[in-house]
Amino acid sequence: MFISKNLAVNEKGHLTIGGIDTLDLAKKYGTPLYVMDEDLIRENCEKFKKSIDDYYEKNGLVCYASKAFSCKEIYRIMKDEGLGVDVVSLGEMYTAVSAGFASEKIYLHGNNKTIEELKFAVEHKIGRIVVDNLNELELLNCIAKDMRSKVDVLIRVKPGIDAHTHDFIRTGQIDSKFGFAIETGEALSAAKLAVELDNINLVGAHCHIGSQILDVDPFVLAADVMIKFISDVKDATGIEMCELNLGGGFGIKYVDKDDPVDYEEYMKAVSIMIQKKCDQYNLNRPFIVIEPGRSLIAPTGITLYTVGARKEIPNIRTYVSVDGGMTDNPRYALYKSEYDAIVASKASEEKNEIVTIAGKCCESGDLIGENMLLQHAETGDILAVCATGAYNYSMASNYNRNLKPAVVMIKDGKSRVIVNRETLEDLVKNDI
Ligand SMILES: *Cc1c(COP(=O)(O)O)cnc(C)c1O
């Protein structure tokens with residue numbers, strides 16, 4: 001009945017998440033509020049780990065792509081689950097390290113890493129640096145030399161795959177700011193250079209073909225291309241890279257029409273391809289890394305808002321405005337991403353209105369969604385927007401000097417704050 005499996009209705013007809021009444025949560029912590037479900041996060045971690053155990057003989061690592069949602073507590077949970085994490089900035093790296101995350105299980109990504117980021121990574125012995133371009137490769141070699149260390153790197157490759165997704169989140173093709181293209185020979189030259197540099201240890205290759213991908217085929221094709229690349233590098237340099245990182249991008253159900261594949265299907269299909277290609281090229285099966293972000297946490301979260309103004313424009317549309325908007329969820333404004341929403345106190349009632357849910361920012365494009373089917377929402381109602389666990393809090397801003405909401409985590413039927421609501425003092429603390 002609901003988009004995410006942790007949502008239900010209680011005897012009062014109220015929406016619950018992880019068994020807790022969302023109206024109670026809104027009352028206790030205020031709105032807007034992000035709510036996440038730790039039980040479901042852990043269940044998802046287990047599923048991904050099990051897929052590697054079952055189909056790839058435990059020879060791999062699940063890394064949580066922490067740009068989806070980064071705060072200290074999520075790194076603690078991922079550590080406890082035995083996952084690695086990937087980070088894309090000094091801020092994420094710092095948050096992970098300060099939460100006590102083991103640096104050897106951190107992967108650093110980014111298409112334009114700063115000197116400061118690379119120095120921090122070398123100094124803190126971050127497990128893998130995923131090198132994106134030649135400037136970075138040479139810079140990293142110098143930094144490592146200065147610090148008398150040798151760093152393990154993967155090279156980021158563009159496998160040239162069209163992953164049938166939104167242009168903005170398609171990254172595997174040649175015209176992308178991320179990585180080295182295979183077709184042009186760029187990726188092979190980078191690998192050759194990496195092998196020559198004294199303070200670089202080339203251990204593997206990485207690709208990430210896009211996001212919210214709902215088929216298995218692009219991943220299988222990527223595995224095919226990547227094993228061939230490992231073979232080409234071996235032929236050219238004599239070095240057989242032992243690690244293959246296939247990135248993330250596994251899709252989830254945001255709205256009814258989305259039909260994601262079961263997570264284990266990816267590893268099953270990808271493992272078969274890897275084995276086949278390794279046999280063909282006479283290679284050892286590489287250690288495999290996958291980097292789910294959205295799929296691990298998006299379905300575990302919701303955002304609770306309080307409905308304010310209702311504006312019915314005859315024959316045009318009805319706006320239902322909420323006390324948040326693009327500042328806590330910019331994804332509709334950025335990519336017209338669709339969401340499902342529920343009036344929390346009327347969760348068991350049929351949805352009988354088509355509305356536009358608007359935020360409170362001074363931008364006409366500040367919408368959570370258009371043409372959304374919803375129960376009749378009145379001023380004062382609590383509105384839940386579903387599957388907001390990924391790329392919401394992490395993309396939040398202070399536009400219009402709105403305060404970032406708190407994040408509440410649910411576990412075993414109990415709630416706790418894991419990120420405090422911003423205060424007005426927080427807002428002005430850097431102002432001179
Ligand atoms: C964003 C990203 C991911 C995670 O993508 P999801 O779609 O959230 O699974 C994984 N790896 C890299 C390198 C990324 O940039």
Side-chain angles (χ1 to χ4, degrees), residues 36 41 44-45 47-48 51 60-70 74 78 83-89 91-93 96 105-113 117 121 126-133 136 153-159 161 163-173 176-180 204-216 218-219 222-223 226 243-254 258 260-261 263 265-267 270 288-301 331 334-335 337 387-395:
M36 299 188 65
I41 293 173
N44 289 341
C45 291
K47 261 196 199 161
F48 275 109
S51 75
L61 179 68
V62 181
C63 273
Y64 165 57
S66 68
K67 71 176 190 277
F69 173 60
S70 174
I74 199 77
M78 295 303 164
L83 268 65
V85 294
D86 85 47
V87 297
V88 296
S89 68
E92 286 179 3
M93 209 165 17
K105 280 168 100 173
I106 300 179
Y107 283 64
L108 175 63
H109 289 284
N111 69 300
N112 190 22
K113 300 175 191 75
E117 285 169 334
I126 294 301
R128 299 279 187 271
I129 299 179
V130 183
V131 173
D132 179 274
N133 55 73
E136 182 189 333
V153 309
L154 308 186
I155 59 169
R156 171 137 188 186
V157 166
K158 290 186 245 198
I161 289 160
H164 305 293
T165 181
H166 195 293
D167 269 344
F168 291 178
I169 44 182
R170 199 175 65 189
T171 53
Q173 75 285 23
S176 162
K177 69 170 183 170
F178 299 104
F180 299 99
H206 170 275
C207 69
H208 171 70
I209 55 174
S211 208
Q212 184 59 9
I213 299 169
L214 298 162
D215 308 326
V216 168
F219 293 99
M226 295 300 281
E243 192 168 312
L244 172 60
N245 185 325
L246 288 175
F250 317 111
I252 68 141
K253 197 177 188 73
Y254 279 108
D258 296 332
V261 178
Y263 306 144
E265 295 299 319
Y266 293 107
M267 266 322 293
V270 162
I288 196 166
V289 180
I290 53 171
E291 302 177 319
R294 183 192 316 279
S295 50
L296 266 184
I297 56 157
T300 76
R331 293 191 66 254
L334 276 174
Y335 338 95
S337 305
T388 59
Y391 305 110
N392 270 237
Y393 174 76
S394 64
M395 286 187 159

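Side-chain atoms are counted along with the backbone in the values below, which use heavy atoms only and exclude waters and symmetry mates. Both ligands and their constituent atoms are indexed starting at 1 by order of listing.
- Ligand 1 has an N or O atom lying under 3.5 Å from an N or O atom of G293, backbone or side chain.
- Listed by atom number, the atoms of ligand 1 under 4.0 Å from A65 heavy atoms are 3 (C), 4 (C), 10 (C).
- Residue Y391 has at least one nitrogen or oxygen atom sitting less than 3.5 Å from a nitrogen or oxygen atom of ligand 1, judged on distance alone.
- Outside the 6.0 Å centre-distance limit, the rings of H109 and H208 are not counted as a close aromatic pair.
- Using a 4.0 Å cutoff on heavy atoms, G249 counts as a contact of ligand 1.
- Between the side chain of N44 and the backbone N or O of L296 there is at least one donor-acceptor pair closer than 3.5 Å.
- A side-chain donor-acceptor contact under 3.5 Å links K113 to the backbone of V130.
- Distances below 4.0 Å separate heavy atoms of R156 from the following atoms of ligand 1: 13 (C).
- Here the side chain of Y263 pairs a donor or acceptor atom with the backbone of S295 at under 3.5 angstrom.
- Of all the atoms in ligand 1, the ones that sit under 4.0 Å from a non-hydrogen atom of D86 are 10 (C), 11 (N).
- Inclusion of S211 in the set of residues having an N or O under 3.5 Å from an N or O of ligand 1 is warranted.
- Under a 3.5 Å cut-off, the side chain of S394 and the backbone N or O of S70 do not form any donor-acceptor pair.
- For ligand 1, the atoms lying closer than 4.0 Å to a non-hydrogen atom of H206 are 13 (C).
- Here atom 2 (C) of ligand 1 lies nearest to K67 when heavy atoms of H208, K67, E291, R294 are compared.
- Classified by interplanar angle (parallel below 30°, tilted 30° to 60°, perpendicular above 60°), the ring pair Y393/F69 is perpendicular.
- Rounded to the nearest 0.5 Å, atoms CG (D215) and CD (E265) are 12.5 Å apart.
- Contact atoms of ligand 1 toward H109: 13 (C) (distance under 4.0 Å to a heavy atom of the residue).
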